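Quantities reported herein were computed from a predicted structural model and do not represent experimental measurements. Heads up: numbering here begins at 1 and tracks the sequence.
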Amino acid sequence: MHNYQNYLPEELAADMSFRKWVLFHDAGATAAWARWLEENPDKTELVEKAIALLAATEATFNQISDEEVANEIYRLSHAIGEKEARKTTVWLKFRPNWYHLAASVIALLFVGWWINKQSINRQQSDQYKVILSKIEEPLVEQYNSTDKAKLITLGDGSTVLLQPDSRITYPGKFEGKKREVFLVGEAFFEVAKNPNKPFYVYAHTLATKVLGTSFKVRAFEDDKEVKVVVKTGKVSVFPMTKEALASQHADEKLAGMILTPNQQIVFAAKELRLTRSLVPDPKLLELPIQRQSFDFKATPVSEVFATLEKSYGVKIIFDAEVMQNCYLTASLSDEPLFEKMTLICKTLGAEYEQMDASIIISSKGCY
């Protein structure tokens with residue numbers, strides 16, 4: 001079973017296995033979570049908060065419009081975080097109409113920063129201007145008017161590959177405790193590592209915070225969506241709101257919505273829709289210690305999935321008890337990740353789906 005030790009209540013409520021247990025009384029999930037609670041008695045409060053969050057969210061979905069769902073989730077998640085969660089053993093009944101609406105929304109619960117639809121664009125645009133106005137160092141602005149990418153080297157050694165018709169604004173020298181740049185358009189960043197001085201990219205309605213990594217941001221003024229794609233390391237993504245910015249600036253560590261390699265996030269500000277997913281073609285991570293091998297001979301499926309998780313940095317969720325008798329013999333060296341998953345599932349009589357940047361396996365077991 002996956003290690004949930006460092007999960008927040010919102011993240012636990014968004015987890016597929018947890019929802020199978022709480023919402024659908026799935027036998028495998030129920031047994032797995034019972035064992036996990038026995039092994040982690042100190043996490044009882046965490047589980048209770050997550051259950052209360054699901055219960056409260058379910059109760060409100062029937063009473064509010066689709067446009068109010070985002071605001072209600074924000075209110076509920078923070079209310080449960082600020083005061084002791086009501087201890088409950090409420091078991092939610094499965095209702096198809098509610099589930100299809102909730103499944104996509106609950107996956108975003110841990111984001112915790114949906115705000116009022118009427119004011120989001122204005123608030124975020126204002127914050128962009130406020131931050132820019134507070135930069136005391138002389139600013140440099142570069143615009144790429146060519147039809148080719150333009151390489152820019154920043155004062156800290158970080159590099160920016162600025163795409164055509166894109167503009168970046170940054171201090172000639174990074175002073176203080178933060179490195180801040182402002183982007184309109186698309187750019188690929190390779191950030192020099194400095195844990196004591198976080199690097200921020202402010203782009204339209206979304207901000208990205210890193211300590212040292214490589215990633216791409218796309219945020220043209222006319223685009224309806226802002227996209228962040230991670231190549232290496234970890235990044236934290238959050239909205240351009242006063243509250244979120246204050247929280248992120250107060251802590252040098254990464255917090256909030258964390259993205260890892262082969263993950264991307266798309267934020268549609270107009271619809272208040274934020275989606276985290278895997279990139280269309282996940283790439284192998286660079287593991288210098290050993291050559292990655294996908295030759296399996298009567299290998300337990302748990303080891304197969306562990307190998308794929310390590311190689312691609314992708315979380316694969318499955319019921320280890322149900323699939324304990326599943327073994328794989330195959331050579332999968334050259335196939336892309338999703339082709340590998342299709343072949344594995346076809347061989348084992350299983351199915352998979354992608355949800356919230358994870359791969360969820362459904363199986364009846366192997367006999």
Side-chain angles (χ1 to χ4, degrees), residues 1-61 69 72-74 76-81 84-96 98-112 114 256-258 260 263 274-278 302 305-306 309 314-324 350-364:
M1 188 172 180
H2 183 72
N3 183 2
Y4 297 93
Q5 290 284 345
N6 297 320
Y7 270 46
L8 297 173
E10 294 90 340
E11 293 177 296
L12 199 58
D15 181 79
M16 172 63 77
S17 174
F18 188 81
R19 294 203 303 275
K20 282 184 176 181
W21 168 42
V22 176
L23 299 178
F24 313 137
H25 318 299
D26 180 86
T30 299
W33 280 99
R35 288 196 304 271
W36 190 83
L37 282 170
E38 288 181 4
E39 297 169 359
N40 301 276
D42 59 316
K43 297 299 179 181
T44 301
E45 183 179 0
L46 167 67
V47 170
E48 289 173 345
K49 287 184 177 181
I51 291 176
L53 185 56
L54 282 178
T57 305
E58 191 273 346
T60 61
F61 269 119
V69 167
E72 188 63 16
I73 289 176
Y74 174 82
L76 289 168
S77 63
H78 280 269
I80 290 176
E84 185 178 359
R86 176 174 54 88
K87 295 187 177 181
T88 178
T89 56
V90 174
W91 296 99
L92 304 180
K93 295 182 179 180
F94 173 52
R95 290 192 288 160
W98 172 78
Y99 174 71
H100 288 299
L101 170 64
S104 61
V105 180
I106 291 178
L108 306 178
L109 281 171
F110 63 94
V111 178
W114 288 86
M257 169 72 86
I258 304 296
T260 55
Q263 292 185 356
L274 183 141
T275 306
R276 182 171 67 172
S277 64
L278 297 177
S302 59
F305 291 153
E309 284 187 325
V314 173
K315 183 190 301 182
I316 300 177
I317 300 173
F318 68 102
D319 192 318
E321 183 177 2
V322 170
M323 302 188 74
Q324 62 181 335
E351 296 179 349
Y352 80 90
E353 63 177 324
Q354 182 195 152
M355 181 178 290
D356 188 33
S358 299
I359 294 176
I360 314 296
I361 307 296
S362 299
S363 172
K364 296 181 180 180

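Looking at heavy atoms from C-beta onward, Asp15 lies in side-chain contact with Ile317 at the 4.5 angstrom threshold. Taking the side chain as every heavy atom from C-beta outward, Leu46 and Tyr4 never approach each other to under 4.5 Å. In this structure the side chain of Lys20 never reaches within 4.5 angstrom of the side chain of Asp319, judged on heavy atoms.
Scanning all heavy atoms of the two residues, the minimum distance from Ile258 to Arg276 falls at O-NH1, 3.0 Å. In plain terms, the two heavy atoms of Trp33 and Ser17 that are nearest each other are NE1-OG, 3.1 Å. What you find for Val22 and Ile51 is that their closest heavy atoms are CG2-CG1, 3.9 Å. Residues Ala350 and Ser363 approach most closely at CB-CB, 3.9 Å, considering heavy atoms. Nearest heavy-atom pair, Gln354 versus Leu278, reported as atom, atom and distance to 0.1 Å: OE1-N, 2.7 Å.
Not less than 6.0 angstrom separates the ring centroid of Phe18 from the ring centroid of Trp36.
Around the CD atom of Glu353, the shell of radius 6.0 Å holds more than 12 heavy atoms that belong to other residues, nucleotides or ligands.
Contacts of Glu309 classified as side chain to side chain contact (heavy atoms under 4.5 Å, CB included), with partners at least two apart in sequence or in another chain: Lys315, Ile316. Glu321 meets the salt bridge (Lys or Arg N to Asp or Glu O under 4.0 Å) test with Arg35; sequence neighbours excluded.
Note that the OG atom of Ser358 and the CD atom of Gln263 stand 7.0 Å from one another [nearest 0.5 Å].
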